[in-house]
Amino acid sequence: MFFMLDPKFIRNNLEAVEAMLRARNTSLDLEEFRRLDQQRRELLTRVEGLKNQRNTCSDEIARLKREKGDASQQIAAMRQVSQEIKKLDAEVAEIDSRLTALIYMIPNMPHESVPPGAGEDDNPVVKTWGERPAMAFTPKPHWELGEQLGILDFERGAKITGARFTLYRGAGARLERALINFMLDLHTGEHGYTEVLPPFIVNRTTMTGTGQLPKFADDLFKLEGLDYYLIPTAEVPVTNIYQNEILEAHELPVYFAAYTPCFRKEAGSYGKDTRGLIRQHQFNKVELVKFAAPDNSYEELEKLLANAEEVLRRLGLPYQVVNLCSGDLGFSASKTYDIEVWLPGQGVYREISSCSNFEDFQARRANIRYRPKEGGKTRYVHTLNGSGLAIGRTLVAILENYQQADGSVVIPEVLRPYMGGLEVIS
RNA sequence: GGAGAGGUGGCCGAGUCGGCUGAAGGCGCUCGCCUGCUAAGCGAGUGAGUGGGGAAACCUGCUCCGAGGGUUCGAAUCCCUCCCUCUCCGCCA
């Protein structure tokens with residue numbers, strides 16, 4: 001049986017959990033949890049008593065048989081007991097599955113440093129970096145630039161597949177690939193991450209481990225006739241690398257960097273960001289994933305954020321960092337920083353990275369533990385992840401921030417070696 | 001896709017005609033002894049989950065031998081379904 005929040009924690013902190021649900025604008029009644037949990041414990045006491053009786057008596061029967069004695073009386077008695085056990089076991093299983101379904105719907109507890117708030121307008125900006133480029137002309141949105149330069153073909157993307165799919169060509173395709181390589185090289189070469197290339201299709205258990213299922217099934221592409229799904233982010237396969245494993249304390253923290261495409265249905269965002277690359281059903285991302293000991297996971301979150309920020313600094317892209325408030329925090333996260341990059345073509349800051357500490361929420365579901373140095377019981381690790389960064393949106397930011405009056409786009413210096421020396425796309 | 005073999009504790013590896021095996025034996029690891037140091041040697045300990053008792057050391061119930069069902073008083077051991085691994089054949093980037 002998997003849980004997200006510890007059922008014991010819920011049991012002992014019902015008021016706190018209910019307060020958390022309100023802060024997250026979630027309507028969920030814990031009365032049923034209280035009732036089922038109580039019932040389950042009562043049943044368990046009874047059925048375990050009976051099992052104990054059966055075990056003891058089975059030994060007795062075995063002994064009698066060995067000594068050629070008569071055990072028919074005990075066998076008859078145990079037949080009754082076994083019937084009863086079977087019945088009670090079924091009742092427990094029924095309650096368990098209802099309880100699990102319920103607990104799976106409860107989001108994570110926010111960290112104490114998460115500000116209260118109703119939604120994204122209440123997220124405090126904790127940092128801004130870089131100079132917004134001064135332009136003596138009216139900056140264009142990236143879709144215009146991309147089409148005029150012949151590097152982004154939205155129409156043909158839509159023809160090949162449908163809306164929210166894009167065909168990159170020439171320098172556009174290469175720029176996308178350059179960004180992937182640049183980011184991976186930076187994180188593996190300078191930030192201590194190990195590169196992994198995971199499967200892009202995962203099974204149900206894996207999706208459940210990181211919290212995408214059962215709650216967010218609507219946003220996932222599922223393969224027909226199979227219990228397999230296209231990943232919506234590398235977080236899913238990479239976090240599940242250690243699913244059902246026990247790590248040694250000296251192995252922590254573990255840092256992974258992974259490039260993968262990401263597939264999202266974007267259900268419920270029909271009117272939003274219909275133009276351009278901002279919201280696609282398929283996009284590329286370099287993801288950073290960490291497994292850390294609980295006592296320093298928040299330091300690891302700060303480092304993770306700094307690693308993601310470094311990408312934007314080297315690319316010379318202005319950004320701000322916001323601390324997501326309680327009402328905007330994702331389902332599985334205890335704390336999340338969003339990095340938002342400046343897009344002059346649209347005159348807004350747009351999310352380009354999301355760095356989160358999930359504490360033991362995912363680890364509990366995916367059953368990822370470690371053995372503490374000082375010995376004693378195994379504990380759940382803390383998992384963290386962050387985009388480092390979303391590739392498509394980075395390309396958008398480059399086009400819009402580095403555009404020239406004539407519609408050409410200068411390539412940031414750090415990318416030129418990856419572009420075969422190309423300095424300007426024109 | 002076809003034929004066969006197999007999935008046991010951190011690892012390797014026993015489990016007889018179903019009962020005394022949560023699991024022999026070995027390796028590894030931990031602690032202690034021994035040793036000038038190292039190696040070797042000797043002794044003890046060493047799975048996980050969940051519940052009860054105790055201030056604690058610790059004692060104790062239940063569950064777990066790929067997963068899920070079934071047979072049985074009782075299953076790692078028998079039956080069924082599924083998953084995975086390996087070998088051979090076919091097909092294929």
Side-chain angles (χ1 to χ4, degrees), chain A residues 1-12 33-34 36-101 103 197-209 213 222-223 225-229 237 240-252 254 261 291 360 362-381:
Chain A
M1 188 163 171
F2 294 112
F3 297 102
M4 33 174 51
L5 276 180
D6 186 352
K8 207 187 303 175
F9 174 85
I10 302 174
R11 191 182 302 141
N12 297 333
F33 171 87
R34 207 191 304 259
L36 288 173
D37 187 54
Q38 174 70 22
Q39 255 180 43
R40 177 170 179 276
R41 285 155 65 81
E42 283 166 12
L43 278 173
L44 237 33
T45 310
R46 276 171 63 199
V47 75
E48 284 186 5
L50 289 175
K51 282 179 178 174
N52 180 228
Q53 197 181 330
R54 183 179 69 183
N55 289 344
T56 318
C57 196
S58 283
D59 287 348
E60 175 74 7
I61 292 168
R63 214 202 71 235
L64 283 171
K65 291 237 171 176
R66 242 177 294 127
E67 294 166 357
K68 311 281 189 231
D70 176 28
S72 54
Q73 209 175 334
Q74 281 82 348
I75 290 176
M78 280 312 102
R79 194 166 297 166
Q80 300 281 320
V81 172
S82 275
Q83 288 298 322
E84 183 67 11
I85 289 174
K86 194 172 279 189
K87 206 186 97 212
L88 292 178
D89 267 346
E91 284 179 41
V92 171
E94 165 65 18
I95 289 180
D96 269 356
S97 68
R98 284 163 65 188
L99 218 38
T100 306
I103 290 175
L197 182 62
F200 303 157
I201 297 174
V202 300
N203 62 33
R204 167 179 296 272
T205 305
T206 295
M207 277 297 181
T208 307
L213 285 177
K222 184 175 192 300
L223 300 202
L226 293 168
D227 216 10
Y228 287 173
Y229 300 81
N240 279 283
I241 286 174
Y242 292 128
Q243 172 193 117
N244 289 321
E245 291 191 35
I246 301 174
L247 303 173
E248 296 301 329
H250 66 80
E251 295 178 83
L252 299 176
V254 179
F291 301 84
D360 66 4
Q362 293 180 328
R364 190 180 302 281
R365 295 178 69 138
N367 195 221
I368 306 169
R369 291 166 293 169
Y370 78 104
R371 230 178 286 282
K373 240 190 233 73
E374 59 281 8
K377 288 178 74 70
T378 55
R379 299 181 61 188
Y380 290 107
V381 302

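Quick note on labels: first sequence line is chain A, next is B, and so on, each numbered from 1.
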If you compare every side-chain N and O of Lys65(A) against the phosphate oxygens of rC73(B) (OP1, OP2), does one of them come in below 4.0 Å?
no
With C1' as the reference atom in both, quote the distance from rA40(B) to rU35(B) in angstrom, rounded to an integer.
10 Å
How far does the P atom of rC65(B) sit from the matching atom of rG19(B), given to the nearest Å?
16 Å
Using atom C1' in both nucleotides, what's the gap between rC12(B) and rA24(B) to the nearest angstrom?
14 Å
Rounding to an integer number of Å, can you tell me how far Gln53(A) CD sits from rC73(B) C1'?
12 Å
Mate of rC88(B) where both pairing distances stay under 3.5 Å, Watson-Crick or G-U
rG2(B)
Tell me the interatomic distance from Asp59(A), atom CG, to rG22(B), atom C1', rounded to whole angstroms.
14 Å
Mind listing the side-chain donor-acceptor pairs of residues 79-86 of chain A below 3.5 Å, one per line with the distance, residues two or more places apart or on another chain?
| residue | atom | partner | partner atom | Å |
| --- | --- | --- | --- | --- |
| Ser82(A) | OG | Met78(A) | O | 3.4 |

Hits for side chain to side chain contact (heavy atoms under 4.5 Å, CB included) against Leu226(A), two or more places apart or cross-chain, chain-then-number order -> Leu223(A), Tyr228(A)
Length of the line joining Asn244(A):CG and rC64(B):C1', which is rounded to integer Å:
13 Å
Using whole Å, what does the distance between atom P of nucleotide rC20(B) and atom CG of Leu64(A) come to?
15 Å
Kindly indicate whether the side chain of Asn244(A), heavy atoms from C-beta on, has any atom under 4.5 Å from the side chain of Tyr242(A).
no
All pairs passing side chain to side chain donor-acceptor pair (under 3.5 Å) where residues 41-54 of chain A contributes a residue, at least two apart:
Gln38(A)-Glu42(A), Lys51(A)-Asp89(A)
Go nucleotide by nucleotide along RNA chain B from the 5' end; which of Asn52(A) and Ala76(A) gets its closest nucleotide reached first?
Asn52(A)
Separation between the P atoms of rA44(B) and rG51(B), rounded to whole Å
34 Å
Measure from OH on Tyr380(A) to C1' on rA48(B) and round the result to the nearest Å.
11 Å
Between the side chains of Asp227(A) and Lys222(A), is the shortest nitrogen-to-carboxylate-oxygen separation below 4.0 Å, so that they form an ion pair?
yes
Nearest-angstrom distance from the residue atom CG of Asp96(A) to P of rG49(B):
18 Å
Would you please name every residue forming a salt bridge (charged side-chain N to carboxylate O under 4.0 Å, His left out) with Glu251(A), sequence neighbours left out?
none
Determine the Euclidean distance between corresponding C1' atoms of rG10(B) and rG47(B); express it in Å to zero decimal places.
9 Å
Looking at Asn203(A), does any N or O in its side chain come under 4.0 Å of the phosphate oxygens OP1/OP2 on rC83(B)?
no
rG10(B) -> Watson-Crick or G-U wobble partner, both distances under 3.5 Å, gives rC27(B)
Rounded distance in Å between the C1' positions of rG70(B) and rU50(B)
26 Å
Protein-nucleotide distance (Arg371(A), atom CZ; rG28(B), atom C1'), rounded to Å
13 Å
Can you check the Lys51(A) NZ to rU50(B) C1' distance for me, whole Å?
12 Å
Base-pairing mate for rU81(B) - Watson-Crick or G-U, with both contacts under 3.5 Å
rA67(B)
Any side-chain heavy-atom pair of Asn367(A) and Tyr380(A) under 4.5 Å:
yes
Partner nucleotide of rC20(B) by Watson-Crick or wobble geometry (both distances under 3.5 Å)
none
Taking rG61(B) as the reference, what is the distance to rG68(B) when you measure between their C1' atoms (whole Å, please)?
26 Å
When you compare rC33(B) with rU21(B), how far apart are their C1' atoms, in angstrom units rounded to a whole number?
32 Å
Which base, if any, makes a Watson-Crick or G-U wobble pair with rG41(B), both distances under 3.5 Å?
rC33(B)
In residues 79-89 of chain A, which ones come under 4.0 Å of RNA chain B, going by heavy atoms?
Arg79(A), Ser82(A), Lys86(A)
Starting at the 5' end of RNA chain B, which residue's closest nucleotide do you reach first, Thr45(A) or Ile75(A)?
Thr45(A)
Where do Ala363(A) and Val381(A) come nearest, in terms of heavy atoms and distance?
CB-O, 3.2 Å
Are Asn55(A) and rC62(B) close enough that a side-chain N or O sits under 4.0 Å from OP1 or OP2?
yes
For Asp59(A), which residues count as a side chain to side chain contact (heavy atoms under 4.5 Å, CB included) partner, sequence neighbours excluded?
none
Heavy atoms under 4.0 Å, any strand shown: does Arg66(A) hit a base, just sugar-phosphate, or nothing?
base
Please tell me which of the listed nucleotides, rG74(B), rC84(B), rG51(B), lies nearest to the side chain of Tyr228(A)?
rC84(B)
Looking at rG51(B), does its base get a donor-acceptor pair with the side chain of Glu48(A) below 3.5 Å?
no
